[in-house]
Asker: 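I have a structure here, written as structure tokens, and I will follow up with some questions on it.
By convention in this document, chain letters (A, B, ...) are assigned in the order of the sequence lines, proteins followed by strands, and residues within each chain are numbered from 1. Treat the numbers as computed from the prediction; the structure is a model and nothing was measured.
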Protein chains: 2
Amino acid sequence: MADSVVLDPVDLHLLRLLQNDARTTYRDLADQVGVAPSTCLDRVTRLRRAGVILGHRLELDPARLGRGLQALLSVQVRPHRRELVGPFVERIRALPESRTVFHLTGPDDYLVHVAVADMADLQRLVLDGFTSRPEVARVETRLIFQQWDCGPLLPPSPPATP
Amino acid sequence: MADSVVLDPVDLHLLRLLQNDARTTYRDLADQVGVAPSTCLDRVTRLRRAGVILGHRLELDPARLGRGLQALLSVQVRPHRRELVGPFVERIRALPESRTVFHLTGPDDYLVHVAVADMADLQRLVLDGFTSRPEVARVETRLIFQQWDCGPLLPPSPPATP
DNA sequence: TATGAAAAATACTCTAT
DNA sequence: ATAGAGTATTTTTCATA
């Protein structure tokens with residue numbers, strides 16, 4: 001499963017446009033891609049069914065929601081066994097401050113992206129949500145000065161047309 | 001700027017629903033929130049204008065796009081001066097493998113989330129896109145085993161109703 | 001500021017090529 | 001697989017409370 005899907009230039013064009021604005025109408029998509037609106041609908045439906053499109057998410061500004069401070073927490077869980085790790089991840093995911101949890105290779109097992117109100121809030125979160133737990137061996141906190149999203153996600157090595 | 005916005009329970013309910021599925025119709029939103037569809041439209045438009053809602057993004061499956069391997073690259077840029085750092089960030093953002101770039105506190109200045117086809121592709125990216133550059137002093141690569149998105153982003157300390 | 005109904009635009013279905 | 005016409009929904013506007 002999770003096999004790579006073959007995408008033609010029309011699919012790629014649609015995905016590029018929709019990653020920029022997922023609410024672009026099929027008529028506008030059709031105009032920009034150069035096919036009929038019904039074809040766009042058909043392609044997008046197929047991409048959804050193929051699992052390429054997972055969903056439509058709202059992008060919010062954490063600062064406007066009173067979460068102006070973001071940080072990455074590197075967490076070492078010891079011992080690193082399934083019985084401890086499963087509940088740990090679920091507990092961290094359930095914290096309202098958590099945005100994303102990564103399970104990584106290397107000495108720091110988990111990286112948790114969090115959004116908090118201010119430094120006092122971050123301190124409270126690290127102490128109460130992380131270091132106070134017996135399975136958490138070490139937490140390293142790095143603040144996020146700034147964050148940039150990059151270009152659209154596309155397949156590697158775009159078909160060179162010679 | 002980036003001041004926190006006052007959100008009432010209707011706004012919060014709408015944001016929770018839309019974070020789950022950003023294509024929920026105003027009619028469905030109205031049914032679930034208990035206000036008229038036109039009110040939902042009005043609220044959402046206002047949240048957009050207030051900068052709370054930044055956009056509607058398509059969530060894609062990197063594996064289905066032939067990018068089954070993801071990694072986090074910790075990058076030290078030396079010397080850490082504006083003249084070097086600005087172009088560095090722009091160059092990294094322009095790489096098709098890059099997903100997000102973080103500027104962080106701590107010894108590793110930047111963290112770059114990348115999606116590649118396989119290990120050979122990652123090696124090529126690290127060598128050609130990072131370590132070959134004179135401003136890049138050090139790169140540490142950590143692979144992502146798994147990644148979990150967390151609950152909806154909401155304001156801190158939801159109004160306790162005693 | 002919220003509403004409900006009218007108007008405009010869009011999504012979606014279906015048939016033919 | 002694509003397009004075009006037709007139907008059902010939805011979005012959006014607007015007068016009113």
Asker: Got a sec: does the CD of B:Glu59 have more than 12 other heavy atoms crowding it under 6.0 Å?
Answerer: yes
Asker: Run the salt bridge (Lys or Arg N to Asp or Glu O under 4.0 Å) test against A:Arg27 and tell me which residues pass, sequence neighbours left out.
Answerer: none
Asker: So, are B:Arg78 and B:Asp109 salt-bridged, with charged N and O less than 4.0 Å apart?
Answerer: yes
Asker: Have A:His113 and A:Gln70 got a donor and an acceptor in their side chains that come within less than 3.5 Å?
Answerer: yes
Asker: May I have the distance from B:Leu14 (atom CG) to C:dA2 (atom P), rounded to whole angstrom?
Answerer: 10 Å
Asker: When you measure from the side chain of B:Arg93 to the backbone of A:Asp149, do you find a donor-acceptor pair of N or O atoms at a distance under 3.5 Å?
Answerer: yes
Asker: Are the charged groups of A:Glu135 and A:Arg91 less than 4.0 angstrom apart, N to O?
Answerer: yes
Asker: Could you tell me which residues satisfy side chain to side chain donor-acceptor pair (under 3.5 Å) with B:Asp61, sequence neighbours excluded, listed by chain and number?
Answerer: none
Asker: State whether B:Arg43 places a side-chain N or O below 4.0 Å from either non-bridging phosphate oxygen (OP1 or OP2) of C:dT1.
Answerer: no
Asker: Report the distance from atom CG of A:Asp31 to atom P of C:dA9, rounded to the nearest whole Å.
Answerer: 14 Å
Asker: Please determine if B:Asp28 and B:Arg23 form a salt bridge, counting it only when a charged side-chain N lies under 4.0 Å from a carboxylate O.
Answerer: no
Asker: Output a table of nitrogen or oxygen pairs between the protein and nucleotides 11-16 of chain D separated by less than 3.5 Å.
Answerer:
unit_1 : atom_1 : unit_2  : atom_2 : d
D:dT11 : OP2    : B:Tyr26 : N      : 2.9

Asker: Is a donor from one side chain sitting under 3.5 angstrom from an acceptor on the other, for B:Ser4 and A:Arg64?
Answerer: no
Asker: Could you work out which one of D:dA1, C:dA2, D:dA3 sits closest to the side chain of B:Asp42?
Answerer: C:dA2
Asker: Using a cut-off of strictly less than 4.0 Å between a heavy atom of the residue and any atom of DNA chain D, enumerate the qualifying residues of residues 48-58 of chain A by number.
Answerer: none
Asker: Who else is in the cluster with B:Val139 when I, L, V, M, F, W and Y are joined by side-chain contacts under 4.5 Å?
Answerer: A:Trp148, B:Leu69, B:Leu73, B:Val75, B:Val77, B:Val85, B:Phe88, B:Val89, B:Ile92, B:Leu95, B:Val101, B:Tyr110, B:Val112, B:Val114, B:Val116, B:Met119, B:Leu122, B:Leu125, B:Val126, B:Phe130, B:Val136, B:Leu143
Asker: Grab the stems for DNA chain C, please: at least three consecutive Watson-Crick or wobble pairs, both distances below 3.5 Å, written as range with range.
Answerer: C:1-6 with D:12-17, C:8-17 with D:1-10
